[in-house]
Amino acid sequence: MAAPNNAPTVLDKEQIFGMAEKEMEYRVELFNKLTHTCFNKCVEKKYKESELNMGENSCIDRCVSKYWHVTNLVGQLLGTGRPPM
């Protein structure tokens, strides 16, 4: 609830900070899951080279792209309240 002069109250600021903190935690968790999933799927367990080879690079690019696409799709479906197709 805002004060009469439309300045945010202490409670408003705490709620905004809390929401920003939750958003940051969500994004860090999402990034960690994405990294873990795509690394395990695309990178060989026995390292032969110090850098990713072309196949691993392509796999990671596709994996990250699909992961973001699905994450955005799920977010949109949850945001609209529509059941999945």
Side-chain angles (χ1 to χ4, degrees):
M1 183 177 265
N5 64 0
N6 291 331
T9 64
V10 173
L11 183 58
D12 290 338
K13 289 179 183 178
E14 288 177 4
Q15 287 177 333
I16 291 169
F17 181 74
M19 290 179 355
E21 191 174 37
K22 288 288 183 196
E23 178 70 17
M24 185 59 121
E25 289 171 4
Y26 165 76
R27 291 191 180 273
V28 167
E29 181 182 357
L30 180 66
F31 177 78
N32 288 337
K33 285 181 181 179
L34 168 109
T35 303
H36 181 75
T37 300
C38 292
F39 183 86
N40 286 340
K41 179 180 179 183
C42 297
V43 178
E44 291 188 36
K45 304 302 178 233
K46 294 182 181 178
Y47 302 122
K48 298 176 186 169
E49 303 168 7
S50 61
E51 296 184 11
L52 297 174
N53 63 40
M54 188 178 292
E56 292 168 334
N57 255 330
S58 296
C59 179
I60 288 174
D61 284 344
R62 286 190 310 274
C63 181
V64 169
S65 178
K66 288 177 182 179
Y67 199 98
W68 280 120
H69 179 75
V70 169
T71 299
N72 289 331
L73 182 62
V74 169
Q76 289 173 355
L77 289 172
L78 290 175
T80 61
R82 292 185 358 213
M85 297 179 240

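Computed from a predicted structure; not experimentally measured.
For CD of Glu51, the number of neighbouring non-hydrogen atoms (other residues, nucleotides, ligands) closer than 6.0 Å is 12 at most.
For the atom pair CG of Leu52 and OH of Tyr47, the computed distance is 9.5 Å after rounding to the nearest 0.5 Å. Atoms CZ and CG, on Arg62 and Asn57 in that order, are 10.5 Å from each other to the nearest 0.5 Å. Rounding to the nearest 0.5 angstrom, the gap separating the CG atom in Leu78 from the CG atom in Leu73 is 9.5 Å.
A donor-acceptor pair under 3.5 Å is absent between the side-chain atoms of Glu29 and the main chain of Tyr26, judged by distance alone. When atom types are taken as modelled, the side chain of Lys45 and the backbone of Asn40 share a donor-acceptor pair closer than 3.5 angstrom. No donor-acceptor pair closer than 3.5 Å links the side chain of Ser65 to the backbone N or O of Asp61.
Under the 4.5 Å side-chain heavy-atom criterion for grouping Ile, Leu, Val, Met, Phe, Trp and Tyr, Tyr67 is not connected to Leu77 through any hydrophobic cluster. Residues Val74 and Leu30 fall into different hydrophobic clusters, defined by Ile, Leu, Val, Met, Phe, Trp and Tyr side chains chained together at heavy-atom separations under 4.5 Å.
Glu49 pairs by the salt bridge (charged side-chain N to carboxylate O under 4.0 Å, His left out) definition with nothing, not counting sequence neighbours. Applying the salt bridge (charged side-chain N to carboxylate O under 4.0 Å, His left out) rule to Lys48 yields the partners Glu44; only residues at least two apart in sequence or on another chain are considered.
A pairwise comparison of heavy atoms in Cys38 and Val64 identifies SG-N, 3.7 Å as the closest pair.
By the 4.5 Å heavy-atom criterion applied to side chains, Phe17 and Lys13 are not counted as neighbours.
Per the SG-SG cut-off, Cys42 and Cys59 are bridged by a disulfide [distance under 2.5 Å].
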